[in-house]
Amino acid sequence: MTEPLNTGSHDLPVTDELAAFMRTGWAPAGRAEVSARPITPWAAKRRAALAQRFPGERLVIPAGTLKVRSNDCDYRFRPHSAYSYLTGANESDDVLVIEPSGRAVLYVRPRAPREEGQEFYRDRRYGEFWAGPRPDLAEAAELYQIDCAHIRELELTGPARVLRGVDASVDARVEKGGGDAELESFLSEMRLVKDEWELGELQGAVDATARGFEDVVRALPTAIGRPRGERYLEGVFGLRSRLEGNAVGYDSIVASGSHACVLHWIRNDGALNPNDLLLMDAGVESDTLYTADVTRTIPMSGRFSAVQRQAYELVYEAQTAAIATLRPGARFRDFHQAAMRVICEGLRDWGLLRQSVDELMETGLYRRYTLCSSGHMLGLDVHDCAKSRAEVYLDGVLEEGYVLTVEPGLYLQPDDLTLPEELRGIGVRIEDDLVITADGARLMSGALPRHPDEVESWMGGLL
């Protein structure tokens, strides 16, 4: 049966004469010059570990499908992180299957031969002339170093564990079983410890992110005074992310003034006041889909005012205390608790809260001014390994090779009458990326300054 073409309702009809003409007159098809991607030996080890965890079972991990942005326009495709982790492939609609024997097969949709049908020039979603070439079977096998077969040969009968919610057509073809949730959790947990290759990719993303922050500081004089200065800076960072990586790893937060008190401010439609702070939370996603996640809060004038420095220094001290707890064997929650104790002490010193630190930690009253936790795992997803069991992640202990963010903050709402007027509308967050080492933690984002004096000096050298 011929698959329907994604031609669109306004597609021009094709005559028999044109169809015949389009099938001929092309240079002989030749294989593109491809070589195995650097990830392939690491991906093979991961597939072997997955097969070992579920011996004698069939495991189905889809890449995901194209998603409509509006009408006939799709979002740029990004594969599911578990699929990318196991294959290094990045085409939509493909499916990885690990058979009960442990053999892995990648079912792909190769580009359509030009002598067969009309897909290559009429299909707006998959056609080579519309979306670019996809690897053929031989090229895919070379790129990913895995047995490849055409997606139409995929049989999904019999029992299998499926990573669900990724490809509805796959979900519909495999009866839901009780083991799917266990597969999803393990796929998340096996990514907790980053291997050597992943650490290199993450460091590259972090380094590019540091250069993006430098770009933003240099652009401040031009952005200040523009009606949507936040978006100007968002665009500056976005350019760096596309030049050095795949894109941003998440929507950039560019929050000036009181916008910094909105944790996920991504409207980025505000003007820039040089007397305010700018909170920017952004990360470059590498071409291999590993993302950085860094936040800096900077004075747009280049110098902190006294009250801005007061708030910033408290967050800096909290982050420093949190980083000091990081080591193998420490509980994941320890660094957040350490940061919050410092925040509580500071809020008491400011006269905002009167209870003891222990009482504040127990009642959580300090959370009015901090709102959220102080970090998360980082990797292929900005909030990585999120489907891990609580006892392994949130209630677990740190291990060498974990990569995480440490990001305490103060969010002093502009309408909070418990605050003195001069503190209202100030938002500060400092976020860094760290990898747990054998004897502590290494600051991956150390190219960007943290201490307020260093921030001012850094900005002075760029403005």
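A quick note: this is a predicted structure, and the numbers were derived from the prediction, not measured.
Checked against salt bridge (Lys or Arg N to Asp or Glu O under 4.0 Å), D395 has the following partners two or more places apart in sequence or in another chain: R333. Taking the salt bridge (Lys or Arg N to Asp or Glu O under 4.0 Å) definition, one finds that E285 meets it with R78, sequence neighbours left out. Shown here are the ring pair (Phe, Tyr, Trp, His ring centres under 6.0 Å) partners of W458, two or more places apart in sequence or in another chain: there are none. Residues that satisfy the side chain to side chain contact (heavy atoms under 4.5 Å, CB included) test with E153, not counting sequence neighbours, are Y107, A149, H150.
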Kindly indicate, with the supporting measurements, whether the criterion ring pair (Phe, Tyr, Trp, His ring centres under 6.0 Å) is fulfilled by Y411 and W265.
CA-CA 12 Å; Y411 311 99; W265 176 262; over 10 Å; no
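Contact between P135 and L143 at its shortest, heavy atoms only, is CG-CD1, 3.9 Å. Pairing each heavy atom of L380 with each of S84, the nearest pair is CD2-OG, 4.3 Å. Listed here is the closest heavy atom pair of L137 and P110: N-CB, 4.1 Å. What you find for D381 and T291 is that their closest heavy atoms are C-CG2, 4.0 Å.
The main-chain N or O of N268 is found under 3.5 Å from a side-chain atom of R231 such that the two form a donor-acceptor pair.
Note that SG of C385 is 9.0 Å distant from CD of E189, once rounded to the nearest 0.5 Å.
With respect to R429 and E407, a salt bridge is recorded, a charged nitrogen being found less than 4.0 Å from a carboxylate O. At a threshold of 4.0 Å, the pair D180-R164 counts as salt-bridged, since one of the basic side-chain nitrogens sits closer than that to a carboxylate oxygen. Under a 4.0 Å N-O distance rule, the pair R109/D93 does not qualify as a salt bridge.
The closest side-chain heavy-atom distance from T288 to N246 is not below 4.5 Å. Counting only heavy atoms from C-beta outward, the side chains of L410 and Y312 never approach each other to under 4.5 Å. I323 places a side-chain heavy atom less than 4.5 Å from the side chain of R450. M377 has its side chain out of reach of V403: every pair of non-hydrogen atoms, C-beta onward, lies at least 4.5 Å apart. Considering only heavy atoms from C-beta on, Q118 comes within 4.5 Å of V14 through its side chain. With contacts defined as side-chain heavy-atom distances shorter than 4.5 Å, the pair Y144/T87 does not qualify. At a threshold of 4.5 Å between non-hydrogen side-chain atoms, the residues R191 and D384 count as touching.
A donor atom on one side chain and an acceptor atom on the other are found under 3.5 Å apart for S388 and S188. In this model, a donor atom of one side chain and an acceptor atom of the other lie less than 3.5 Å apart for Q203 and R442. Of the N and O atoms on the side chains of S445 and D432, at least one donor lies less than 3.5 Å from an acceptor on the other residue.
The stretch residues 215-253 participates, sequence neighbours left out, in these ring-ring contact (aromatic ring centres under 6.0 Å, His included) pairs: F213-F237. Residue pairs meeting the ring-ring contact (aromatic ring centres under 6.0 Å, His included) criterion with at least one partner in residues 376-405, sequence neighbours excluded, are F332-Y393, H376-H383.
At least one test fails for R134 against the ring of Y126: distance under 6.0 Å to the centre or angle within 45° of the axis.
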